[in-house]
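First up is the structure itself, then whatever we jot down about it.
Proteins come first, then strands; the chains are lettered A, B, ... in the order of their sequence lines, and each starts at number 1.
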Amino acid sequence: MTSIGTGYDLANSIFSPDGRNFQVEYAMKAVENGSTSIGIRCKDGIVLAAEKVITSKLLKQGANKRIATVDRHLGIVYSGMIPDGRHFVDRARDEARGWRDNYKTPISTKDLAGRMGGYMQAYTLYQSVRPFGITAIIGGYDSELDTPVEGEVGSGPSVGAGGKVEGKKHGGPFLYMVEPSGLYWGYYGAATGKGRQAAKAELEKLDLSSDGESSLTLEQAVKEAARIIYVAHDDNKDKEFELEMTWISGADGPTKGRHQEVPEALRKEAEKYAERMTAKDIEEEEETKEGGDKMEE
Amino acid sequence: MDHRPQAWGRPRDDVYGAYDHSYLQNSGPKQATQAPIVTGTSVIAMKYKDGVVMAADNLASYGSLARFPDVKRLRVFLDSSVVGFSGDVSDMQFLDRHLTDLSIDEAYEDPSCTAAPNGKGHLNAANLHKYLQKLLYKRRNDFDPLWNQLLIAGFDGHSKPYLASVDLRGTSFTSPSLATGFGSALAQPIMRRYAETEEDAAKLTREQAVEVIKECMKVLYYRDARSLDRYSIAVVTKDGVELKEDEQLEKQSWAFAERIKGYGTQTV
Amino acid sequence: MFRNNYDNDSVTFSPQGRIFQVEYAAEAVKQGSVVVGIASKTHAVLVAIKRNAEELSSYQKKLFPIDEHVGIAIAGLTSDARVLSNFMKQQSLGHRLTYGRNMPVRTLVDMIGSKAQINTQHYGKRPYGVGLLVAGVDDHGPHLFEFQPSGMTEEMVAFAIGARSQMARTYLEKNLEAFADCGREELIRHGLKALKESLVQDRELTIDNTSVAIVGVEKQEDGTTKPQPFMVYDGQDVSAWIESVADNQEAAPAAAEGEGMDVDS
């Protein structure tokens, strides 16, 4: 469905006659060529996962991390041009630091997503810069606890801070995905990169939004994230890949509110599950291909 | 490049930062700290065989008023070092927030060891001390000091217990036992009886060191008029920091007061 | 690759989502002479072929120390390499003066990665036309990083960049398993052997055109480790190593010929 942007696609910030900024659309192509990354928001936390295609056997295993921490409770994973992704993460870290300095409290996921959306959008306004060649998935767990003001000394009057509404819940896990145009939405499940179509199809099958019994727990989400990356890797089938996964739980969960890499043991378990499930899928596919034929040995 | 005469010999702006002309302006309110307002009193610390023990009481005084009796003046950095603050409390808060930012940045570059105390690759107490010393010295040169004396305890690059002090002027030193404020006159002699040299300190057990520190806190409460009997005590070992923030002085004996002429109900 | 409308500056995406100026900058790296880097559990080594413009001119240095614990090998535009290496030296020294420790190598490399990325996103700037191999030691042991004009930085076990470096990379991939446990001398020999793969037919390693640098940690008898600062070796200092890899090349076929049919039965 891409039309040739002849003449209107050479410079950033230029509108084509049908109202498109072609440089931004070309930037999205760069994202589509990148390896897959996904994010899952479940009721008790966030899981971020990245398919790291191994471009050379000489790379040091496990040393090149794609998923970055921002502040302590936020994580960002991206697909597309990796150096642009790092620039994006640097800016996010600056935004988080600025917020903390100003408001003496950690930035909320929503506010960081807003800031980063604005930053990406700014790079679509001028001919002198080019849009970011990445789509970033921002996941965070805003603290539900009554965190004290940063650097607070003492514990204040026993009646507590004024203006608080009793019993109001705040905080929780949140997930956002920001595109090169600066557009972003909040998601329960987000995917970007080469295998995003397959990943999205799998994510839609998961039960993420309800609060009920069937809704995924954090450990289950980790396993599903691994499986979905394996499914999405099908689009990059001929290359080897490394799976990187991180998670964030609430204060009484396994990560105590911090963005951390999924522990080795759980990751291996998730990968075994993923391999088993994808192997089963292939078997099922082959059986249906053979149709009603009896097994011919 | 700017080749005009006014830029000859001038270091590059993009490398060294733009030149700061603010000293030329004499108008505007003077912002530099002139005197500490809300203050914390002594912090004491001593090394022992496997680490360092540090203690400070939980009082922030507003001059002679014992204003805030639950102020925690021992702060943990990266789960592996402890900084004890005496002096101005607002400057303590500033430094605490600054160190929080620093610890978040450190975790960025080496996330794999965030959970492990004394994680390899993280700033240890010696690095932290050097950094704070440079920071405080810079502020002193700007005539805008952070009005504190800090004790930094932890381990150095060779996994040996490390204890150092740095103050509002940027003066710094290390010793097997250290104290700030009144502690340097009242507590140091007691601590030095047990940890005069590094070798002596290396023979002390944890229980002995904690005993000595508690004894010193008692003496400080007897004699320092701006102190409190509730205090925080931290023990730093290779496995991390154990911080108790609500300790109460025990077994106080004010019997000596009776022997002092002119106090109490004594009549000459 | 041929000229097209989208390759004039680094702020233009092509319809396929590529930035040609960055890809062209990578070509500049391929024009430089080959450099090889390998990291083991205890050392990181860099070896390089130096070129001279004419018979009588000096050979262009390829290996540079940045600080006690880290150094670089360059391939591409030397003047761009100078800008980056000066920056690295300042950052590393500043870090040492502030914190009293070796700057973690990854942090340093990330800084030049960010610096280079900016040049790929703003009009009027051009990407750095140099690739670097950064070898250094920190609390986690020895590291080898590759830096590309796009700003991409990755940690490697071994790598080679520059002219005909693919041949060297093939050698490195074949011997990948052996590197981790190599000692100092063996690691250098592997580096030189990889380098030889990339030489033009009639060229060989000489003391004039070969450069070796090594940094690492040495285990002492009492179990502690002593850091070995980054040292560059040129001229006579490399002759022993050159001979050690030359001998092997000649000795192996000679031994085979000499022993004739005496093969393990």
Given the rule in the side-chain contact (heavy atoms from CB on, under 4.5 Å) test, do A/Glu150 and B/Asp96 qualify, once you have shown the distances and angles that lead to the verdict? CA-CA 9 Å; A/Glu150 177 102 346; B/Asp96 181 50; over 6 Å; no
Apply the test side-chain contact (heavy atoms from CB on, under 4.5 Å) to residues A/Arg97 and B/Ile104: give CA-CA distance (whole Å), side-chain angles for both, the deciding distance (0.1 Å), then the verdict. CA-CA 9 Å; A/Arg97 155 88 70 109; B/Ile104 290 176; over 6 Å; no
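Heavy atoms from other residues, nucleotides or ligands lying under 6.0 Å from NZ of A/Lys104 number more than 12. For B/Gln248, the CD atom is densely surrounded, since the number of other residues' heavy atoms within 6.0 Å is greater than 12. Annotation for A/Glu242: atom CD counts as buried by contact number, over 12 foreign heavy atoms lying within 6.0 Å. Within a 6.0 Å sphere centred on NZ of A/Lys256, other residues, nucleotides and ligands contribute 12 heavy atoms or fewer. Enclosure of atom CZ in B/Phe77 by more than 12 non-hydrogen atoms of other residues, nucleotides or ligands within 6.0 angstrom is indicated.
Between A/Gly151 and B/Gln93 the shortest heavy-atom distance is O-NE2, 2.8 Å.
The part of B/Asp105 that comes within reach of chain A is its side chain, from C-beta onward, which places non-hydrogen atoms under 4.5 angstrom from that chain. Interface remark: B/Arg73 contributes no atoms to any contact with chain A (heavy atom separation under 4.5 Å).
A distance of 5.5 Å separates CG of A/Asp71 from OH of B/Tyr108, quoted to the nearest 0.5 Å.
Remark: the backbone N or O of A/Asp101 is not paired with any side-chain donor or acceptor of B/Arg97 at under 3.5 angstrom.
Proximity of B/Thr100 to A/Arg72: side-chain heavy atoms (C-beta onward) are separated by under 4.5 Å at one or more points.
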